[in-house]
Amino acid sequence: MAKLSYREAVSAAIAQEMRRDSSVIFIGEDVAAAGGVFKTTEGLQEEFGPIRVRDTPISEQAILGATMGAAMTGLRPVAEIMFSDFFAVCWDIVANQIAKTRYMTNGQCTFPLVIRAANGGGVRFGAQHSQSVENWAMAIPGLKVVAPSCASDVKGLLAAAIRDPDPVLFFEQKSLYGRKDEVPDGEHVVPLGQAKVLREGDDVTIVALAAMVPKAQKAADVLQVEHGISASVIDLRSLVPLDTTTVFESVSSTGRMVTVEENPRLCGWGAELSSLVAEELFWDLEGPIVRVTTPHIPLPSADCLEDAVLPSPGKIVASVVELVD
Amino acid sequence: MAKLSYREAVSAAIAQEMRRDSSVIFIGEDVAAAGGVFKTTEGLQEEFGPIRVRDTPISEQAILGATMGAAMTGLRPVAEIMFSDFFAVCWDIVANQIAKTRYMTNGQCTFPLVIRAANGGGVRFGAQHSQSVENWAMAIPGLKVVAPSCASDVKGLLAAAIRDPDPVLFFEQKSLYGRKDEVPDGEHVVPLGQAKVLREGDDVTIVALAAMVPKAQKAADVLQVEHGISASVIDLRSLVPLDTTTVFESVSSTGRMVTVEENPRLCGWGAELSSLVAEELFWDLEGPIVRVTTPHIPLPSADCLEDAVLPSPGKIVASVVELVD
Amino acid sequence: MKKEKNGVPDQDTRLKLFELMLDCRGLQQRAFDLFMQNMVKGTTHLGMGQEAVAAGFGAAMHPDDYTFCTYRGHNHTLVRGVSMTSILGELMGRDCGLLRGKGGSMHLTSVEHGAMGSYAIIGAHMPIAAGAAWSAQYRESGQVAVCFFGDGTTNIGAFHEALNFSVIWKLPVVYVCENNQYMEYTPIGEVTAVKNPAADRASAYGLDPILIDGNDADVMYSHATAALEKARRGDGPTLIEALTYRHGGHSRADPGKYRPDEEVEAWKKLDPVKTYRQRLLEAGIAESILEELESVSNQKVDEATETASNSPPPPLDIAHTDLWADGGASWRN
Amino acid sequence: MKKEKNGVPDQDTRLKLFELMLDCRGLQQRAFDLFMQNMVKGTTHLGMGQEAVAAGFGAAMHPDDYTFCTYRGHNHTLVRGVSMTSILGELMGRDCGLLRGKGGSMHLTSVEHGAMGSYAIIGAHMPIAAGAAWSAQYRESGQVAVCFFGDGTTNIGAFHEALNFSVIWKLPVVYVCENNQYMEYTPIGEVTAVKNPAADRASAYGLDPILIDGNDADVMYSHATAALEKARRGDGPTLIEALTYRHGGHSRADPGKYRPDEEVEAWKKLDPVKTYRQRLLEAGIAESILEELESVSNQKVDEATETASNSPPPPLDIAHTDLWADGGASWRN
Ligand SMILES: Cc1ncc(C[n+]2csc(CCOP(=O)(O)OP(=O)(O)O)c2C)c(N)n1
Ligand SMILES: Cc1ncc(C[n+]2csc(CCOP(=O)(O)OP(=O)(O)O)c2C)c(N)n1
Ligand SMILES: [Mg+2]
Ligand SMILES: [Mg+2]
């Protein structure tokens, strides 16, 4: 096992897949010659050449349109949208074209493509470069949605996403790029759609995603030590497919669920999960379902303001304590 | 009181507001000389002239960008996006610019603008012209979101939206355009953010929006007559601001909530409402919270397929019966 | 407007062009009739009057080339060899439909014929066509992607992005603007900063301006051939503006009243099918041969109507299939 | 490239131009230093080397005209009269910041100065500027909107839509492309189908191509004056491409290593501040006057740094204000 950063795991996964399959190609803005603005794709152009790893103009609709057209004619393209906020300039290609065309054509076309994007806040980039938009994607039928929390999952899930025959939106949390973890040596693939139970507890199930996972783990430590509350922590890892089995199993046993989302309050994945539990697991519940989210505001830029509004271990602890006590 | 169709109420509202305020201007594709592809804006150019009522090129980003720029410099523009599906080609202007700029500038700019769009299915237009995307809008902090179910509310709420100092996305349900209702004569304005209790019952609260409202009413009739179940029916009318007071009051008394959404399953307003109730009203609940939605698929085009997947009175009845029995 | 034809197509090709146009015309006339009989639900956008554009390309393309077209895509889909039955069936929402009713009139697609889809959001298919061309280039397959769109489409952002992108990567793609003078109801001249919405913008992408008679099948054919060859040679994209006119309204029962009668009349005189028939006669092709083609085409339309009308509605469970490559539509375990 | 200057600005104007450039340069140098001291969090995009563009317009615009700029907007915001303290305060996330820390470096806005915002999504502000111009036209206010953007921005859809839209409505708007030769790290020539990304596309909107020396404040000023006058006369938009170069990296601590040393050196010789100083001396302005301006500018920067550094962080509750016009951020009752 080697220690890789979350950032390095991105290029490791792409390289792993490009080596085994010549139909994998990769494009994006400043990704090739310069290795990406987050340095996530350094070395790829050197290894795979300027035909397979290619810089594009600032034309997100063209980038993703081309990705779609290539996927439906035999390639397995990977595209980068530099910041997930920029999905807004090419959302038609994602939500109306890529997501719907297989269904509309009654299965005539297949779209084995991956769109990677740096997602989320915590780095003082302001409201147009800090959004967590995985819920935008989750709301669209036809998209798979993955958001890893550690380098090992970045490598394994990105590899699986590239092999997957369906379109996958792969959200890399930019506040995690520097985080290092053990990543298995050799080929590493983690199947999509399996949540990971990071910790088992009796009193409450905390469900988190991406950057919220380390915060939930931190909160669980504090809950144990300072409040004697034993929490399960689940890293959802993928929103579509959604591993309700793992979540339900845990919530059935603890009787309580707290979701921790970075996205603004309304219509996040936490709401969806909460509504599923409230419908299907109602009689197992021992108390309200609680959601911890960023408030329903754009993210402010100043460090103190941003820290004040993002979910924190402290807020998670407070919510759990209130629920369980 | 005159009978107006939902369609006619649109132009009635715009005309009412254009008469009283010369800063109200209206633009969109084919809206002016031809009166709109849904004939919702007939007569406006005749009355207010080609400067105030103007046809645009097929340039949704320009339409909404111009709308934003005009709103922040003293006008009260109203723009039409022909089908709400097309928000995907201009989502950046809506979600990243219009919604965030007031907040980011610490209140320096105000955006008194309205974007109208024909929303929803039931008219066999296929997956790219039939979406219900009010949940896309609800997920973005900084947007008000309104979706009326009858002509009277179209007129009153659209007038209120035009007078509102904040950006309002106004979703007109295209399957309702032909529906006629009594509309009060003279000036008619209905405040945003107030749900309407259409019917009071004891056993369950059915919450619906737009085209789902008449279906919920139909279902409530059947429930009463055929199953002896007495249902409250609430027309939400606006998603932001959200009238949780009215909904909570009803759910507290019935102990059960069923939401009826036209949007695909994941991350709809029903999920949000369900999560609010599951968090804040948990101890008042007498049973699971049930959501009736379109399945998480793009809408198929053929009449029989579309009818099979959209929520129907029959499906609502079945869900309520299962819940209450 | 360039009228010269880089030589006249041979007689077989000309008969083929005529046949394709007849099929397009007949199919669309029938689609209109079925719509008026309420047999076609929803919406449908006819390309009557614009048949020469699709026919010219249809006759010139290789079977494995790709086409990308719009909601007004019946002509373009038919000329790739897709059956009339499956097109009419789709319009009518029947099980025999090309997409078994899941797509509808605006989304005709037949991958086996290289008809890679009809797209209903203006401009979206232009970068997608670039992607298919990029794939062909990467795979060195020799295929070309042809992308049809309207005059109104030249004012949307995706047009601009797709053209720049295609040129810098020298992609084998041909962009064909069918300038039928109107967006839905608004004359293109009222909303466009230049006179010729595509041709006057070619230079913004380093391309030659090509403005041709879109009602002349011979002209279309020769320009199609040249553009396809250029793409196959590795010399990159072509942007063609073909001037034409739709005889009917924008969609459904739109009577098209926003257009002056004289304008409609003038263009109807330039009907691509009628004028081409006359030209073939003048070129010495016997009336009987043309009549035979017409009767065969009519018969195909009748048979397709019959078969499609007798096809049942699709089974309801297909609404829950083929969202994913595994054939299903489930989002959870 | 057009070098002629439609006459030379008068001496007061020239001193004003010099002063504006000095302020821009000094402020940005300071922002960079503060960034390296970790006093500026997040990101910041400097326009060192590009000061002449903003200065030329700043000196030519009326106080009530509008500017729209990008994340690289410090120059453009400053030349409208916004205080250095409020700009540095915003970069440092302090309560004295222009937006009290809610916007950050990429979103500088001062409506009272007509600085209508800095936009961080490429191209988005172009149609927004069109809207402000449309409003000015409707209100007959005589205002003009000026919109600054980069070379890389010419390849995104919003560029195309905004230009067409502005021309057909003859809006009083001036679009200024600051061609600094690079998008973030990629040379513009590698991703653009034409040599001059803005000027070579002007004809696609029926506009004259204008390609000028963006490092020459006199040239910028005279072209700004002409474009503003044209807009005020009701003669519609102008598109200007100004050739320039950023001395540093794209943002933050980017060392800009993707650029050849000789290229950087060559452009640094064309430094707009240094060359303009030389020109003023040659025009007979005394060294002492220039030194005095420099020292005043330096002092302003120092004072602003001092004040901003001493400003407290904003109170946390402002995170929940001013989403809505009522001053709050609530979405429910
Ligand atoms: C992004 C988007 N905006 C608007 C529409 C609605 N719409 C459908 S067809 C059409 C007119 C298109 O005109 P043109 O490109 O000339 O094609 P034509 O219909 O004439 O073939 C419009 C505005 C759409 N489908 N997509
Ligand atoms: C839609 C969108 N795509 C990508 C980016 C990321 N990005 C920020 S600046 C930049 C380069 C812009 O280049 P140019 O327009 O030349 O402006 P410059 O930075 O050189 O001033 C890019 C790609 C963005 N902000 N928005
Ligand atoms: Mg047209
Ligand atoms: Mg640049």
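Because the structure is a prediction, the values reported are computed rather than measured. Below, chain A is the first sequence line, B the second, and so on; all start at residue 1.
- If you measure heavy-atom distances from Leu239(A) to chain B, you find no contacts under 4.5 Å at all.
- Of the listed residues (Gly126(B), Gly268(B), Ala95(B), Cys267(B)), the greatest number of heavy-atom pairs within a distance under 4.5 Å of chain A belongs to Cys267(B).
- If you tally non-hydrogen atom pairs under 4.5 Å between each of Val290(A), Leu323(A), Val89(A) and chain B, the highest count goes to Val290(A).
- With a 4.5 angstrom heavy-atom cutoff, Leu285(B) touches chain A via backbone and side-chain atoms both.
- If you measure heavy-atom distances from Pro300(B) to chain A, the contacts under 4.5 Å come from both the backbone and the side chain.
- Using a 4.5 Å cut-off between heavy atoms, Val240(A) contacts chain B through its side chain alone, with no backbone atom that close.
- There is no contact between Leu242(B) and chain A, counting heavy-atom distances below 4.5 Å.
- Top candidate by heavy-atom pairs under 4.5 Å with chain A, chosen from Ile297(B), Val277(B), Leu273(B), is Ile297(B).
- Contacts of Met138(B) with chain A are made by both backbone and side-chain atoms, with heavy-atom separations under 4.5 Å.
- If you tally non-hydrogen atom pairs under 4.5 Å between each of Val94(A), Ile93(A), Val133(A), Ile140(A) and chain B, the highest count goes to Ile140(A).
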So which donor and acceptor atoms of chain B and chain A come within less than 3.5 Å of each other?
residue, atom, partner, partner atom, Å
Asp85(B), O, Asn96(A), ND2, 3.1
Ala88(B), O, Asp92(A), N, 3.1
Asp92(B), N, Ala88(A), O, 3.1
Asn96(B), O, Gln128(A), NE2, 2.8
Asn96(B), OD1, Gln131(A), NE2, 2.8
Asn96(B), ND2, Asp85(A), O, 3.0
Gln97(B), OE1, Gln128(A), NE2, 2.8
Lys100(B), NZ, Gln131(A), OE1, 2.9
Gln128(B), NE2, Asn96(A), O, 2.9
Gln128(B), NE2, Gln97(A), OE1, 2.8
Gln131(B), OE1, Lys100(A), NZ, 2.9
Gln131(B), NE2, Asn96(A), OD1, 2.7
Met138(B), O, His296(A), NE2, 3.2
Arg265(B), NE, Glu272(A), OE2, 2.7
Arg265(B), NH2, Glu272(A), OE2, 2.9
Arg265(B), NH2, Ser275(A), OG, 3.0
Cys267(B), N, Glu272(A), OE1, 2.7
Glu272(B), OE1, Cys267(A), N, 2.7
Glu272(B), OE1, Arg291(A), NH1, 2.9
Glu272(B), OE2, Arg265(A), NE, 2.7
Glu272(B), OE2, Arg265(A), NH2, 2.9
Glu272(B), OE2, Arg291(A), NH1, 3.2
Ser275(B), OG, Arg265(A), NH2, 3.0
Ser275(B), OG, Arg291(A), NH1, 3.0
Ala278(B), O, Ile289(A), N, 3.2
Glu279(B), OE1, Arg291(A), N, 3.1
Ile289(B), N, Ala278(A), O, 3.2
Arg291(B), N, Glu279(A), OE1, 3.1
Arg291(B), NH1, Glu272(A), OE1, 3.0
Arg291(B), NH1, Glu272(A), OE2, 3.2
Arg291(B), NH1, Ser275(A), OG, 2.9
His296(B), NE2, Met138(A), O, 3.2

